[in-house]
Amino acid sequence: MSSLESLYQQVILDHSKEKHGRADLGEGDVLDPLSTARSHQYNPLCGDEVTVQITLGGTDVETVAWTGDGCSISQAATSVMHDLIVGRPVDEARGILADYRTMLRSRGEGEPDEEVLGDAVAFAGVSRHANRVKCAILGWTAFEDALLRIEAARPTAKDES
Amino acid sequence: MSSLESLYQQVILDHSKEKHGRADLGEGDVLDPLSTARSHQYNPLCGDEVTVQITLGGTDVETVAWTGDGCSISQAATSVMHDLIVGRPVDEARGILADYRTMLRSRGEGEPDEEVLGDAVAFAGVSRHANRVKCAILGWTAFEDALLRIEAARPTAKDES
Amino acid sequence: MTLTSTQATPLDHDEVEAIRADFPILHRTVGDGAQLVYLDSGATSQRPRQVLQAEYDFATTSYSAVHRGAHTLASEATDAFEAARETVARFVGVPTDGVVWTRNATEGLNVLAAALTDPEAGQYTLKPGDEVLVTEMEHHANLVPWQRAAARSGATLRWIPLTDAGRLDLATVDGLINERTKVVAFAHASNVLGTINPVAELVAKAKAVGALTILDACQSVPHLPVDLGALGVDAAVFSGHKMLGPTGIGVLAARPGLLDALPPVLTGGSMVERVTMETATFREAPQRFEAGPPPVAQAVALRAAVDYLDRVGMDRIAAREHQLAQLLLDGVDSVAGVRVIGPNDAENRTATVAFEVEGVHPHDVGQVLDAAGVAVRVGHHCAQPVHRRFGVNASSRASAYLYTTDADVERFVQALGSVRGFFGRS
Amino acid sequence: MTLTSTQATPLDHDEVEAIRADFPILHRTVGDGAQLVYLDSGATSQRPRQVLQAEYDFATTSYSAVHRGAHTLASEATDAFEAARETVARFVGVPTDGVVWTRNATEGLNVLAAALTDPEAGQYTLKPGDEVLVTEMEHHANLVPWQRAAARSGATLRWIPLTDAGRLDLATVDGLINERTKVVAFAHASNVLGTINPVAELVAKAKAVGALTILDACQSVPHLPVDLGALGVDAAVFSGHKMLGPTGIGVLAARPGLLDALPPVLTGGSMVERVTMETATFREAPQRFEAGPPPVAQAVALRAAVDYLDRVGMDRIAAREHQLAQLLLDGVDSVAGVRVIGPNDAENRTATVAFEVEGVHPHDVGQVLDAAGVAVRVGHHCAQPVHRRFGVNASSRASAYLYTTDADVERFVQALGSVRGFFGRS
Ligand SMILES: Cc1ncc(COP(=O)(O)O)c(C=O)c1O
Ligand SMILES: Cc1ncc(COP(=O)(O)O)c(C=O)c1O
């Protein structure tokens, strides 16, 4: 496998075309800030951008919708993310993100766990290309940020006590 | 002769102590701007300074008085200048300055004319020390500048016609 | 500066090969062993052995702080440093004391923009109602500082729009340069479009209304014979790292009369006359604009770079790059689904060719080319507005220099031909 | 940072000789064949082979523009460049994103002074009635920018006076640091007196009134172990060329929180987010303060310099320099008609010794020493006020570094002994 093919695995090429979860998010306000939030992320170096909107149902990720403009890596990564986290408990989704980050930062040295990462292991090759790591993480960062927004909007246990 | 001795010739060491023409110039205004002018020169790199006041009698340099603070080269150069130009026609004094400048810029390559330069040939060694050329020229620059001031104050032939 | 292929004999194949032998980095391989094809000289050029050697020799024999010492090293270093100023001044046709060393061209433009908003600039100080004119093809370095200068001074920023062909829309210029115009700042050559702008024409119109002209010569001085004195601009900037020199040095070249009229921007050592605890007076230009230790080693290296370019001959380099521009344009044109952003013809154009590959993001284009050993730049090339003008966020850009071979261009075109297929576009 | 001889084992004779072998320039002769004695490291240090080699290797294998490319060279260059930031950050105890590359320390201080007079600095913006405190021993680089910041903002510049012994007059500090004080900017070590100032004490007093502390670490970072985090300063500057690195690079090291709150000073490429023809938004720190191409090659070289210093050990260098300070002081003291300007004892003092030779102008002193191969600096060393404080316009200054031998000091003292005789003073 050439280094190019190990970067652009078939999964990535497919997702970059299929773009699961991609939707027109419109301009409207988010309806219920306690369950839905949106985050826009931008990479000033290359102009790539992505907006991710998530809705939580209780402690599960109920829906993920996104839009954006960018390279095949960033588009595919967000599409794969969609498939991986929809329907998952928030904690598990966070766990996947943590593993995914570790993999991307491994500079090709890590042993990604396919049990946890599923199709996202296809991005292991990105870790050898430091300048593409940002592409592969952009959508995930938007997800994480949206999550934080919902949590910030929700009264915490402490606030309630 | 060591390179140090060829820089600091005996003439220079002597003049740096004797300082011919050095005087307390006071603060007062110059009396007659048509015949007398003063110029202050400063070298910001080393802090050396000199003020030269000249009086012309007709087209001759009648008097040269100076004060200042600086290294032995700058002090001696101004002292030697005093001896060379007092009593000379302005044109001749300018000629000496031109030759002197050429010598200082020669980087040790010139053949200074002792007939013209007199004691100032002692400064030939300075031309090998680019960083000291400014020291050797400071007083002369003040002289030249004072001369220009007088000329600027005098009505020119054109103005009169 | 009109550039046509007839001006001088282009460097021939053997000459280019001889030049390449001086650039160690061009002989490396990348990725799976592909020989490097470096087509990113528009971002930064590589350094030949002669430049590296000059820097090494200076560091191991004469290095010292300049201007401030009585010792031998200090005077040798000062001589080498000031000789560099002389060489660079002569190279671009300005007096020696019209050369200010900056850290890059960006700093030069910032210094001008800051000085022109300082009340101490007197007649040159920008005021409300004044206009600053740029173009829609500017690099951010020649745009953002003027946006800020306008915001601070109350002046208005205007710009010359572009034609679809990627040239300045000269029909608009007469309205845009008017009695309110105080500064006309523009690129000699665009770092995206490759367009060479008609300097003489713009300068004449600016002079007619008494406006200052400031030339961003970053993409011209390395590639064309440029005589700033003959062009009649008031000031220009360019940088060492794009002309075989090192990073860390740029040049602000200006009419000494203008520099003398402007206040300093950065203050500190070497640029002052007398300093008390309360106040300071400043030296004349160019020293007034060189606070702190200058880039001594970089100036010495830049001199070696200029000597190298001079030896090869800027006219012959320009003629060769004219060929390369044509080769690049023809090559890109031969690949289906690829569109050039910028003029389609090689006249008044540098060998910098930006393009869009239909359906493939520039990052992906760059990656596929890199796998084939071909280094091009992808992104907005610090010029977002010109990309927006042509309906894209980013582009890919191949930019050549005197060490670029015909074979380099062929390898690039071949790799470019494989891009759309790789991503399943047809 | 209290510096006493007991902290670490000083480098011994053989170690210093081994270090010297790495510095080609130290083996040259000057004038009539005298072996060079380089005692001008306070102005600029020399570079060892390892630093020159790192720069050469980078230029011949991985050089490219950083951050903006998808190609292999661009990512290798970016890695090397950012690794340098990490290394330097660790070396002085700040987070990696607290390191801003500047062109020299002077620029770093100008950036701070300019940002703090910009209305966009919010709570940090200097206002009429505010006070900026410096000291009477500052280098012009840490004085003139504050004079201008005060003049522009309406703030008042005040300063801590000196004792006759060449130390800060700490008795005055309690009155000078008060609720109006917004910035306390001071040298860690004086480049003239050699005095090491009590940073912790000044920082504590500044913090008590909520003032920012800015440390001019130009003369400390190269010579002492410095942990800026532990010292608790808000920002500090130093420069590459004084610590075995190249010219053309300096460091502004700061609390990232402070940098994030300050507006940019220079604008252009690499520091923007979105740019339209009308306006621009800016990136976070440190990028916001790095307009245009950074000093890539210089950063790589500076990393090699820091690695070199780390390998030798800053504690051992400091201990050795403590010895050298004592040797220099004793030596100068042994020559009749010579007066030290600065503390007479080696405690809390660097190996930088300025002195006056009675009846002989510093230029002439320097010339005689140079003829003996001894390179010292003469002049006001960019610190006119401190000279005025000690009743002189200029001085001569010997400054040592890790490559200085005892024999160097002896040669210097011997030559110094001949100066007054040469000019007929007795
Ligand atoms: C047209 C143009 N202007 C300005 C710049 C900025 O120059 P520098 O890299 O020296 O800051 C560049 C370089 O990218 C450029 O191409
Ligand atoms: C104490 C001090 N501050 C500031 C500076 C200026 O630093 P730089 O040379 O990096 O601009 C110097 C260097 O001469 C210095 O010694």
Side-chain angles (χ1 to χ4, degrees), chain A residues 1-20 22 40-51 66-80 104 107-108 122-139 141, chain C residues 29-36 40 43 140 144 192 341 354 356-397 414-426:
Chain A
M1 197 161 56
S2 75
S3 71
L4 196 62
E5 283 157 354
S6 75
L7 172 63
Y8 291 108
Q9 308 224 348
Q10 197 55 46
V11 174
I12 295 181
L13 293 176
D14 292 346
H15 271 275
S16 75
K17 275 180 247 164
E18 294 161 13
K19 302 183 185 176
H20 301 173
R22 194 175 163 109
H40 173 253
Q41 296 292 321
Y42 177 64
N43 181 348
L45 292 180
C46 58
D48 287 3
E49 44 195 323
V50 66
T51 304
W66 62 277
T67 186
D69 208 33
C71 64
S72 59
I73 305 277
S74 76
Q75 301 284 294
T78 313
S79 172
V80 168
L104 289 178
R107 298 187 159 259
F123 294 88
V126 176
S127 69
R128 292 182 197 277
H129 297 265
N131 54 342
R132 303 306 294 274
V133 168
K134 276 215 174 148
C135 312
I137 202 85
L138 202 66
T141 307
Chain C
T29 60
V30 298
D32 302 327
Q35 177 66 39
L36 174 66
D40 198 14
H140 295 158
V144 184
V192 177
I341 301 175
E356 191 195 357
V357 179
E358 222 178 274
V360 185
H361 189 278
H363 249 203
D364 296 321
V365 175
Q367 199 79 53
V368 174
L369 295 183
D370 184 54
V374 180
V376 301
R377 184 123 306 229
V378 299
H380 52 57
H381 320 309
C382 297
Q384 292 178 19
V386 72
H387 280 88
R388 211 168 287 124
R389 166 65 179 79
F390 289 95
V392 290
N393 272 334
S395 66
S396 307
R397 182 188 71 184
Q414 191 181 3
L416 184 61
S418 74
V419 169
R420 297 185 74 248
F422 183 84
F423 291 102
R425 318 277 160 187
S426 56

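Keep in mind it's a predicted model, so treat the numbers as computed, not measured. Each chain gets a letter, A, B and so on, in the order the sequences are listed, and its residues count up from 1.
The local environment of CZ in R107(A) is sparse, with at most 12 non-hydrogen atoms from other residues, nucleotides or ligands closer than 6.0 Å. Residue-environment remark: CD (Q414(C)) stays at or below the threshold of 12 foreign heavy atoms within 6.0 Å.
Proximity to chain C at a heavy-atom threshold of 4.5 Å picks out D69(A), G70(A), C71(A), S72(A), I73(A) from residues 67-74 of chain A, in numerical order. Chain A is approached within less than 4.5 Å, heavy atom to heavy atom, by D364(C), Q367(C), V368(C), A371(C) from residues 364-375 of chain C, ordered by number.
For the residue pair D48(A) and H361(C), a side-chain donor N or O sits within less than 3.5 Å of a side-chain acceptor on the partner.
Across all their heavy atoms, H363(C) and Y8(A) have their closest contact at O-OH, 4.2 Å. Taking both residues in full, the closest heavy atoms of D32(C) and S3(A) are given as OD2-N, 3.1 Å, listed atom of the first, atom of the second, then distance. Of all the heavy atoms in F422(C) and L13(A), the pair that sits closest is O-CD1, 4.0 Å.
No part of R128(A) comes within reach of chain C, as not one of its non-hydrogen atoms sits under 4.5 angstrom from that chain.
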